[in-house]
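Have a look at the structure below before the remarks.
Basis for what follows: all heavy atoms, side chains included, without hydrogens, waters or symmetry-related copies. Here, residue 1 is the first one in the sequence, and each next residue gets the next number. Counting starts at 1 for both ligands and their atoms, in listed order.
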Amino acid sequence: MNFTVTSGEVISLLGPNGVGKTTLLRTIMGFLKPLNGIVSLDDRNILSLPRKYIASRIGYVPQINQHSFSLSVEDVIILGRLSHLGIFAHPGYKDMQIAEETLKVLNIESLRHKIFNNLSGGEQQIVMIARALVQKPMFLIMDEPTSNLDFGNQIRILKIIKHLAKCGISVLFTTHLPDQAFLCEVKVILFYKNAEPEIGKAADVLTEHNLQRAYGAAIKVITQKNDDGSILKTCVPMMGE
Ligand SMILES: Nc1ncnc2c1ncn2[C@@H]1O[C@H](COP(=O)(O)OP(=O)(O)OP(=O)(O)O)[C@@H](O)[C@H]1O
């Protein structure tokens with residue numbers, strides 16, 4: 001597969017469990033060596049770039065349950081600033097201010113003194129997003145960022161993704177909910193188990209035929225009109241016989 005993520009572009013990766021979405025994200029970040037081909041960042045092979053440089057350009061939010069911190073939420077978020085600091089430097093006023101703003105934007109100020117390990121899965125997820133955002137990356141990669149979140153927080157994260165894109169930040173995120181790709185009107189990459197992935201606009205790629213092919217289940221794509229006249233598509237998996 002071949003694709004480019006331009007400034008301010010949002011791409012959503014969809015496909016069945018185990019098809020390789022996380023593996024692709026880890027390869028893009030240079031954690032894994034590609035079996036074939038090249039991942040370029042700023043026109044340079046990512047494998048030739050120092051880890052710290054990559055961390056200052058790409059923020060990563062892994063799938064939940066991959067982190068354990070006996071630190072306060074505030075301290076976990078501040079850790080995200082490390083890629084901008086010298087080896088012996090301590091976070092300064094500017095770093096604290098960025099962390100403060102991010103706590104506010106994500107509406108998690110009340111969690112600041114709580115110990116990360118004692119938070120609920122959804123709360124931990126939002127803190128990990130905050131930790132990536134304080135890096136001020138030009139490119140944010142998120143692996144199922146809304147998987148543990150209630151509807152309110154799912155929408156909050158999707159709005160943040162749209163806001164980041166408007167600010168010129170590129171976002172690549174995996175999801176098991178095609179509705180999110182429709183809501184954000186993003187470009188999607190739909191993976192199949194035994195075929196080349198399909199890349200394009202959500203409305204073109206996420207058809208009933210393609211979704212059934214990808215997930216092996218009948219999925220209805222329902223079109224409805226919003227109050228403002230705009231069209232919204234939503235997916236409903238069918239039980240079948
Ligand atoms: N470290 C590893 N060593 C060996 N195989 C691995 C490793 N990590 C993942 N795999 C395998 O690679 C395949 C792709 O896994 P990956 O996690 O990329 O899938 P995914 O599409 O992200 O799945 P999900 O939607 O369930 O998160 C799976 O078969 C998985 O078992």
Side-chain angles (χ1 to χ4, degrees), residues 1-5 9-41 45-47 51 54-55 58-68 120-129 131-132 137 139-151 153-154 157-158 160-161 170-184 186-202 205-219 221 234-238:
M1 66 187 303
N2 188 5
F3 69 96
T4 303
V5 188
E9 188 169 38
V10 181
I11 300 185
S12 173
L13 267 54
L14 293 117
N17 291 127
V19 79
K21 301 178 296 294
T22 300
T23 304
L24 176 64
L25 297 187
R26 291 175 59 75
T27 307
I28 289 173
M29 286 179 302
F31 294 150
L32 298 173
K33 207 170 164 188
L35 296 177
N36 269 307
I38 282 185
V39 176
S40 301
L41 176 65
N45 186 335
I46 199 155
L47 296 178
R51 214 46 264 162
I54 297 172
I58 306 181
Y60 177 47
V61 182
Q63 276 185 23
I64 199 66
N65 296 332
Q66 292 191 4
H67 279 280
S68 167
S120 76
E123 289 169 335
Q124 288 187 352
Q125 192 123 332
I126 299 178
V127 172
M128 293 310 290
I129 292 170
R131 182 172 170 267
F139 189 17
L140 188 61
I141 292 184
M142 301 198 275
D143 203 352
E144 297 184 29
T146 60
S147 62
N148 273 320
L149 303 184
D150 61 45
F151 275 141
N153 279 326
Q154 283 182 32
I157 298 305
L158 294 181
I160 287 168
I161 289 175
S170 316
V171 183
L172 194 57
F173 73 101
T174 61
T175 178
H176 284 298
L177 299 173
D179 287 354
Q180 295 187 345
F182 284 133
L183 263 177
C184 294
V186 294
K187 192 196 256 188
V188 302
I189 303 180
L190 178 62
F191 288 84
Y192 300 105
K193 276 255 156 75
N194 295 309
E196 288 287 306
E198 222 145 330
I199 305 178
K201 285 185 191 163
V205 174
L206 301 178
T207 61
E208 288 181 356
H209 174 264
N210 288 350
L211 289 167
Q212 167 142 21
R213 197 172 148 222
Y215 294 107
I219 296 171
V221 177
T234 182
C235 296
V236 184
M238 308 305 284

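- At least one N or O atom of Gly18, backbone or side chain, sits closer than 3.5 Å to an N or O atom of ligand 1.
- Residue Glu144 forms a side-chain hydrogen bond (donor to acceptor under 3.5 Å, both in side chains) with just one option from Lys21, Gln125, His176, and that option is His176.
- In this model, a donor atom of one side chain and an acceptor atom of the other lie less than 3.5 Å apart for Gln180 and Thr146.
- Closer than 4.0 Å to atom 13 (C) of ligand 1 lies at least one heavy atom of the protein.
- A donor-acceptor contact shorter than 3.5 Å is absent between the side chain of Gln212 and the backbone of His209.
- Atom 25 (O) of ligand 1 has its closest protein heavy atom at Lys21 NZ, 2.8 Å.
- A heavy-atom separation below 4.0 Å is not found between Arg26 and ligand 1.
- Listed for the Asn210 side chain is a donor-acceptor partner under 3.5 Å among the backbone atoms of Val205.
- Protein heavy atoms are absent from the space less than 4.0 angstrom from atom 10 (N) of ligand 1.
- For atom 5 (N) of ligand 1, no protein heavy-atom neighbour is present inside the 4.0 Å cut-off.
- In the displayed structure, Lys193 atom NZ is contacted under 6.0 Å by more than 12 heavy atoms of other residues, nucleotides or ligands.
- Salt bridge present: Arg213 and Glu198 bring a charged side-chain N and a carboxylate O closer than 4.0 Å.
- In this structure, the protein non-hydrogen atom closest to atom 26 (O) of ligand 1 is Asn17 ND2, 2.9 Å.
- Of all protein heavy atoms, the one lying nearest to atom 15 (O) of ligand 1 is Thr23 OG1, 3.7 Å.
- At a distance under 4.0 Å, no protein heavy atom can be found next to atom 1 (N) of ligand 1.
- Ranking protein heavy atoms by distance to atom 17 (O) of ligand 1, first place goes to Thr22 CB, 3.6 Å.
- Close approach of ligand 1 to Glu144 is summarised as follows: ligand atoms under 4.0 Å from at least one heavy atom of the residue are 25 (O), 27 (O).
- For Asn45 (side chain) and Ser40 (main-chain N/O), no donor-acceptor pair under 3.5 Å exists by modelled atom type.
- Within ligand 1, the atoms closer than 4.0 Å to a non-hydrogen atom of His176 are 25 (O), numbered from 1 in the order shown.
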*What do the steps show when you test Ile129 against Ile157 for side chain to side chain contact (heavy atoms under 4.5 Å, CB included), and what is the final call?*
CA-CA 9 Å; Ile129 292 170; Ile157 298 305; 3.6 Å; yes

*For side chain to side chain contact (heavy atoms under 4.5 Å, CB included), just list the numbers for Val236 and Ile219, CA-CA rounded to whole Å, side-chain angles, deciding distance to a tenth of an Å, and then say yes or no.*
CA-CA 6 Å; Val236 184; Ile219 296 171; over 6 Å; no

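- For atom 28 (C) of ligand 1, the protein comes within 4.0 Å by at least one heavy atom.
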